[in-house]
Number of protein chains: 2
Amino acid sequence: MAVKKLAALAQNSRLAIFRLLVQSGPDGLCAGDIGARLKVSPATLSFHLKELNNAGLVRPRQEGRFVYYAPDFNQMNALLAFLTENCCGGVPCDTASACPPPASTPASSRKTSS
Amino acid sequence: MAVKKLAALAQNSRLAIFRLLVQSGPDGLCAGDIGARLKVSPATLSFHLKELNNAGLVRPRQEGRFVYYAPDFNQMNALLAFLTENCCGGVPCDTASACPPPASTPASSRKTSS
DNA sequence: TTCATATTTCTATGATTATCGAAATGTCGA
DNA sequence: TCGACATTTCGATAATCATAGAAATATGAA
């Protein structure tokens, strides 16, 4: 749902988190690193990550004691597509997919959630 | 900035309002018509329109007793560009502008209320 | 097992938001 | 001018949200 995704991004900390994850590539970052970089307390960070996860914009992946969060580019593309189509007079981008699809994920487990 | 625009769209009524305005073309719709179509009470509608206006996504234009609201495609494009660039791994759309620019405003068609 | 670390959940609190009735403001037509 | 209509502002209320300390959970290491 578009509203859910929009709401997930419509908050400073969460937008910063998502941008950081996008910059950090498809493997993502573990929660602790995100918190350290953005100076967010663990509890607050967990709250925001859950929110992003509920919106489908990030995928958590447990690795030992750490939980890595990676952006879901497909979901982000879906949001862009919705906005382009529904909020832009129906004039879509030429490119069907503006974000790099998660085809190459060299790290570990292959998960597909929507 | 982006958060403000995202927040403006991250609400069911407001997203519906904005979509309706986009569908209705560059002339926009007067507040009363929007309220009638979407079944939103005047006070609530005014609240949401102010929110959209504060975010820069719509432009109000007084015409007699009526206030017409039209989408600002440039601002919407700016949001799309931001999301594509900052939240999509920096892989932009080929098209520089996905939304029709407000260059030509054929304000000839006059829609009347109820 | 026991400890240290990573993350989440619980809980409380203050802040923001959405809603709408009622009143106020603004504009037109008679 | 007045009265009707369009819209906004005011005021109150309920709901949701952001924050973070403290406790709980989970995993790896010693």
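Because only heavy atoms are used, hydrogens play no part in the values below, and waters and symmetry mates are left out as well, while side chains stay in. Order of the sequence lines sets the chain letters (A, B, ...), proteins ahead of strands, with each chain counted from 1.
Atoms SG and CG, from B/Cys87 and A/Leu21 in turn, are 10.5 Å apart once rounded to the nearest 0.5 Å. For the atom pair CZ (B/Arg61) and CG (B/Asp27), the distance works out to 5.5 Å, reported to the nearest 0.5 Å. Note that CZ of A/Arg19 and CG of B/Leu83 are 10.0 Å apart. Values are rounded to the nearest 0.5 Å.
When all heavy atoms of A/Pro71 and A/Arg59 are compared, the closest pair comes out as O-NH2, 4.4 Å. For the pair A/Phe18 and A/Leu57, the tightest heavy-atom approach, listed with the atom from each and the gap, is CE1-O, 3.3 Å.
In this structure, the CG atom of B/Leu49 is 6 Å from the P atom of D/dT8, given to the nearest Å. Look at OH on B/Tyr68: it is 11 Å from P on D/dA6, rounded to the nearest Å. Distance A/Glu63 CD to D/dT27 C1': 13 Å, rounded to the nearest Å. The nearest whole Å value for the distance from the CG atom in A/Asn54 to the C1' atom in D/dC17 is 14 Å. Atom-to-atom, NZ of A/Lys50 to P of D/dT16 comes out at 15 Å; the value is rounded to the nearest Å.
Judged as a side chain to side chain contact (heavy atoms under 4.5 Å, CB included), and not counting sequence neighbours, the contacts of B/Ala7 are A/Ala10. Residues passing the side chain to side chain contact (heavy atoms under 4.5 Å, CB included) test with A/Asn12, sequence neighbours excluded: B/Val3. Judged as a side chain to side chain contact (heavy atoms under 4.5 Å, CB included), and not counting sequence neighbours, the contacts of A/Arg37 are A/Leu20, A/Leu29. Remark: A/Ala78 pairs with A/Lys5 by the side chain to side chain contact (heavy atoms under 4.5 Å, CB included) rule, at least two apart or across chains.
Among the protein residues, A/Tyr69 comes within range of the sugar-phosphate backbone only, with heavy atoms under 4.0 Å from sugar or phosphate atoms but none that close to a base.
Neither OP1 nor OP2 of D/dC17 sits under 4.0 Å from any side-chain N or O of A/His48.
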Report all side-chain donor-acceptor pairs from residues 44-56 of chain B shorter than 3.5 Å, counting only partners two or more places apart or in another chain.
unit_1: B/Thr44; atom_1: OG1; unit_2: B/Ser41; atom_2: OG; d: 3.1
unit_1: B/His48; atom_1: ND1; unit_2: B/Arg14; atom_2: NH1; d: 3.1
unit_1: B/Asn54; atom_1: ND2; unit_2: B/Lys50; atom_2: O; d: 3.4

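Alongside A/Tyr68, the hydrophobic cluster contains A/Phe66 (criterion: ILVMFWY side chains under 4.5 Å).
From the 5' end on, the contacts that DNA chain C makes with chain B at under 4.0 Å to a non-hydrogen atom open and close at C/dA18 to C/dC28.
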Atom pairs under 3.5 Å, N or O on each side, protein against nucleotides 20-26 of chain D: can you list them with distances?
unit_1: D/dA20; atom_1: OP2; unit_2: A/Thr44; atom_2: OG1; d: 3.2

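Contacts between residues 1-14 of chain B and DNA chain D, defined by a heavy-atom separation under 4.0 Å, are absent.
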